[in-house]
Structure formats: C-alpha cells, structure tokens
Amino acid sequence: MTLPFALLAGLILGGAIAAVSARNRVHSGLFLAASLVGLALVFLRLGAEFLGFIQILVYVGAVAVLIVFAILLTRDADSPRERIANAPVSGILIALALFALLAWGVLLWNPGPPPAAIPALPVKALGDRLLRDYVLPLQAVGLLLTAALIGAAVIALPPPRPGAPDAGEPKR
Amino acid sequence: MDSLDQIFVLAKQALLGLLPVAWQPWASAVISVGAILAVFPLLFALTTVVERKALGRMQNRPGPNRVGPWGFLQFAADGIKSLTKEDIVPRAADPVVHFLAPLVVVLPPILAFAVLPVGRNMVALELPETGLLFFLMVGTAVELGVFMAGWSSHNKYSLLGAMRALAQLLSYELPLILSALAVVMLSGSLSLTALVERQSAVHGGFLVGWNVFTPWGAAGALLFFTAALAEANRSPFDLPEAESEIVAGYFTEYSGFKFALFFLGEYLGLFAISGLGITLFLGGWLPPFSFLGWVPSWLWFFGKLGALMMIFIWLRGTLPRLRMDQLMQFAWQFLLPMSLVNLLVAGLWHFTAAWPLALRWLLGAALLAGPWTLYARQFAARHPRRIYRYVT
Amino acid sequence: MSPLKLHLLLAAALFAVGLAGALTRRHAILVLIGIELMLNAANLNLLAFWRYGPNPEALNGPLFVLFTIAVAAAEAAVGLALIIAIHRRYRTTRIEEIRRLHG
C-alpha cells in the first residue's frame, strides 16, 4: 500500500464515518464534502482526470451544497437534542456483516496481473462512445434530469392557499 | 520582438537552467506559483484603489487621496490596518468551521489561475483534456466556503447572506457553464490554450476571429459576463453582502485579516472569471488586429482584464441592486432559456459552415433576437414602470 | 496486495459506512447522505475495474460512472425537494415520525 493511497483512504473513510455519525447535521454535510473530495482525488490517481473533476463539480459544488441548504431550510440545524441513532447496534452489525462478506470475496478472488500503463481517458473518445453506442441511455438520462428539475421545482412549491395571489405573480 | 513577448518564459527557463535537473520540475512549479501569488494579489491591491477613486469620481467626490501619490498607496495602509486589527471570533461561532471558511473561499480562485493562459506559452498548468472543467470545478468549491462562513458565524445576517449567496451561485452557474459550452462545442477542445489558438484565424486581412465576433459568441459573451458578475457577487448582483440590508452578508462576523481574505477572494474570483471570459470570447492573449502583433501577448491579456475591470466598476457606479425574487427570475426565466437558445445557434453555426457568412450571421442573429425581444417584452409586461411621487 | 484489491476493499468499506448511516440515522437528510456514500462506493468500484481490468480502451467503466453521477444528482435534487415538502407539511424530518403519506 502506498502512502498517498493510505492517506486518501483515511480521508475518505474518516470523512464518511464522521458524516454519518456527527451530531450536528451541518457538520455531516461538510464531512460528506470532504469525503467526496478524497474520492475525487482517488479518481485522479486512477487516471480518470475528467471524472475526478466532474465528481467535485457535481458532488461538492451541487449535491453537498444542496444538502446543507436543505438542512438549513428544514430548520433543525440547531436542535441536536435527540438520540442520533434509531437502532444503532443492529444497523451497524448489518453493515459490518456486509463489509465482511465483500472483503471475504475480494480477498479470496485472484485477479490477473494489472496492466502496467495507466490507460488514457480521452474526453473525445468518451463523447464518441456516448453519442454512438450509448445514445439511448444518454437520452434517458437527459429526460430523467429534466423530469427531476421540473419535479423538484413542483414538489418544493409552497401549497397554494385559498385567497393568496398566484405564485407566479410578484407581490406589489 | 519575440524576446519581449516571451520575456517571462525565457526568464523562467534561465532560472531553471541554474538548478540541477532533478529539481527542475519542482522548481518550475514553485516559480509559476510564486508568479501567480505575486501578480494577482498586486492587481487586487491596485484595483481596489482604482475602483474607489473611479467610484468617487462618479459620485462627485475625490476618493482616497492621502496616502502616497494621488492616494495610490491606500491599499498598503488598508493592508497594515487589517493585519494589526484584533481577530474576533464570536463566542457562539463554530470555531473550526469559522476558521476554515476564509481559506476555502480564497484557495479556489488561486487554483483557477493555474490553468489560465495569460500569454503565449504562459500557463502554469496545461491540462489538454480538462482545462476548462478544472476551472469550473474550482469555481464551484467557493460555494461551500461561503456557506461555511455564513453558517458558522451563528448570526442571522451571516446566515441570510449565505443563503442568498448559495441560491445565487447555484442559479447563475447554469447559464455560465452553458454559455461556455457553446465555445467548447465549436472549438472541440477543453484546453484553454487550444481555445485561444482557435480564435487566431484572421478575417478580411486584419480582423482576428475572436469568438465574440460571431452571433453565438456575442450573445454568449453577454450571457457569460452577466452570469460572471453574479458569480463574483459584484454589483448589481451583490445581494449576499448588501450592506444596507444585511450588514456585510456572510462575512459579517469576520474581522481583521480574515475579513481582508474574503475581500481578496472575491476580487481574485472576479479576475479569474473575467480571465476565463477573455479566454473564451475575447481572444485571450491575441491582439485585435494583426498589425498590432508586436505588442507582447501578456500585455494584451492584462489590458483586456483591466478594461473589463473598468467596465465592472462603471456598472457598479451605475446600476441599482436587484431584489431577490428579480434575481432568481432573471437567472431562471431569462438567462437560462437564452443560453439554451444560444447553444442551438452555435450548433446551427457549426452545421452551416459551407453557407455564405452573411446568411449564417442573419440566421444566427434572427434566432437570438427573436426570443430575446419576446422575453424582454414579457419582462416589461410583468414589471410595469413604477412611478414615484415625492410628497413635498 | 494488488492495487485493484485495495481499491475494492476501500469501496466495500465506504459502502458499509453508507449502509450503516442509512440504516441507523433518523433524519431523512442523513439517510440521503448514506445513500450518496453508497453510490460513490459503486463509482469507485467501476473506475477501479476500468483502470486495472482488461480492455480499458472500451471506456465502459467511465461511461457507467458518468451515468451514475447524473442519476445521483437527479436523485439528490428530487430527494431533497421531497424532504422539504414533507417538512413543510409535517414540521419534522425524522423518518419514523412520518407515518402517513396520503395528502
């Protein structure tokens, strides 16, 4: 194990554990962001420059910000007076069992020798494959994102109150 | 004249030549980082003084004129003042997050300068596959810093400022990226250096083919710089720090040098995003006319940057601040649809390459002007002119 | 140990942490955080197999990761919108208190 990988693994796992166990929910969101930055750095080390940057752009720039924004909007950022866990023991046991199973499988498995050179990730080739072989999934994802955009806006609209002015009309 | 153009590149190579070969990659990085850290904060210092003087002139007052010749050393006095002030952390604040926030705000713009080509062969980090993506990525990291500052201060004005800033940054990111995407579509590259070199074609013997001289480029540049002003929290989009409404927004509870760091981060962000706009639309370090090619390339870049700064200062002195709902409406109902239309026009421009130039121009301009006027009329209908009567 | 196995172990650990979070926390947003962690663990797996597996020129791993990131972004947006809507209606975001989902 190389030192950079160990450091990054520590950052990712430490951030993830802190994110799911922090009492303060805003801290959870920030730890999640730290963990995902670590993951993006692992992507960079794997040679996927493009995806590492996309990872930070989407997760740190959008998802983490949305999460902390939602935490603030639901207004219980400052009420830590509760048991943090629902059924802590059984949940952690299930997760540990799953990890043991996965690790067992990984350790028993014997992959072939890894390729020596880091494979290139040319963005042009990625786009070519996306628009030739994966057109249908691409369209589906585009539809999904559009639906999510509209759906999120509709769901989060305040419920119309009788007698209130139409939501589209600015108040004068 | 090549030697003047490449003077900094040659100086760096000469300096590297003095060192053993094994050190050279590291030394090269250190020199580039040192140059970035020296040039842009100095530019920040100069800009603050110029801005205060220009705003003063617009408001019929002299502006700073006491420190140094014509007040031009005001930035040094301000810097010393903020360094010697007490650093106050509110008792209710979250100390770790409160401490980290200024760093998270200042670091990304500095990182962004690494991929920005400020002259021919003058880019600290050449990312041939992902240059623009890197730039956009570090731009989004600022949002988290803004949130951290606003939330950790435990002050309602800070929190309001942070919420405003987040909503604004998230909304204006879309038109910003979409208008940059039009350039990427037509240039077929994400490397900022390649984007500049694509614009070096010469039309009619002397006019350079900057992207801004195409219908999609002109509209894209307008959309881009509007969104860039919002991303940089500049007036008229400076709601997150509107001093007449919410004190100083998300950095209300910062004092001394941390406050100065927010200030620095804001201006560095403005420089970085303006530099990106110059690279995408205004030809980067290319001269506007080919007979002006003897002027060094870095001078063109910084000249364009300075001109943009003057325009931004002018806008700040001219335009009133938007209201929050107007801000959101503008981003989602005008900028976003227009940048989508712009993408369509860029696609058409690509596929009609064989047509005569005038016809392509006419088609592109018509496709852009139609929705533009439609939206403008809809806007005008929604916001009738308000008439104020003063009671005497 | 080969680097592929190291990356797979890291991904398994990250997935387990995310699962533990999603199972044990009571706050809806924290459950969402757990789910995001699990999705990212899957992404790490895909990229590790692309990097160290046979036939990396096909770019299947990165393409899958690209799709996962897009789907995860949509999921986060809709999930958070739902949480905000639920909070507005029931004044709580603790999942065990939200028992009735009819209007």
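Values reported hereafter were calculated over all heavy atoms of this structure, with side chains retained and with hydrogens, waters and symmetry mates removed. Convention: sequence-line order gives letters A, B, ...; per-chain numbering from 1.
- The contact between B:Leu136 and chain A is made by backbone and side chain atoms together, counting heavy-atom distances below 4.5 Å.
- Comparing A:Gly52, A:Ala33, A:Pro122 by heavy-atom pairs within less than 4.5 Å of chain B, the highest count is held by A:Pro122.
- Looking only at atom types and distance, the side chain of B:Tyr250 has no donor-acceptor partner in the side chain of B:Asn155 under 3.5 Å away.
- B:Phe334 and B:Tyr375 have perpendicular rings, their planes meeting at more than 60° on a 0 to 90° scale where under 30° would count as parallel.
- Looking at B:Met148, the atoms closer than 4.5 Å to chain A (heavy atoms on both sides) all sit in the side chain, from C-beta outward.
- Not a single donor-acceptor pair under 3.5 Å links the side chain of B:Glu143 to the backbone N or O of B:Leu166.
- The parts of B:Phe134 that come within reach of chain A are both its backbone and its side chain, each placing non-hydrogen atoms under 4.5 angstrom from that chain.
- Residues B:His98 and B:Trp151 keep their aromatic ring centres 6.0 Å or farther apart.
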- Task: For the pair B:Ile273 and B:Leu176, evaluate side-chain contact (heavy atoms from CB on, under 4.5 Å) and give the outcome as yes or no after the intermediate values.
- Result: CA-CA 10 Å; B:Ile273 210 152; B:Leu176 187 89; 3.9 Å; yes
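- The residue among A:Glu49, A:Lys124, A:Gln55 with the most heavy atom pairs within less than 4.5 Å of chain B is A:Glu49.
- Neither the backbone nor the side chain of B:Val142 comes within contact range of chain A; no heavy atoms are under 4.5 Å apart.
- Note on A:Val58, A:Val65, A:Val37: by heavy-atom pairs under 4.5 Å with chain B, the leading option is A:Val65.
- Heavy atoms of B:Leu127 lying under 4.5 Å from chain A belong exclusively to its side chain.
- Among A:Phe50, A:Phe53, A:Phe69, the residue with the largest count of heavy-atom pairs under 4.5 Å with chain B is A:Phe53.
- Contact annotation: the side chain of B:Val96 approaches that of B:Leu100 to within less than 4.5 Å [non-hydrogen atoms, C-beta and beyond].
- A donor atom on one side chain and an acceptor atom on the other are found under 3.5 Å apart for B:Glu126 and B:Ser191.
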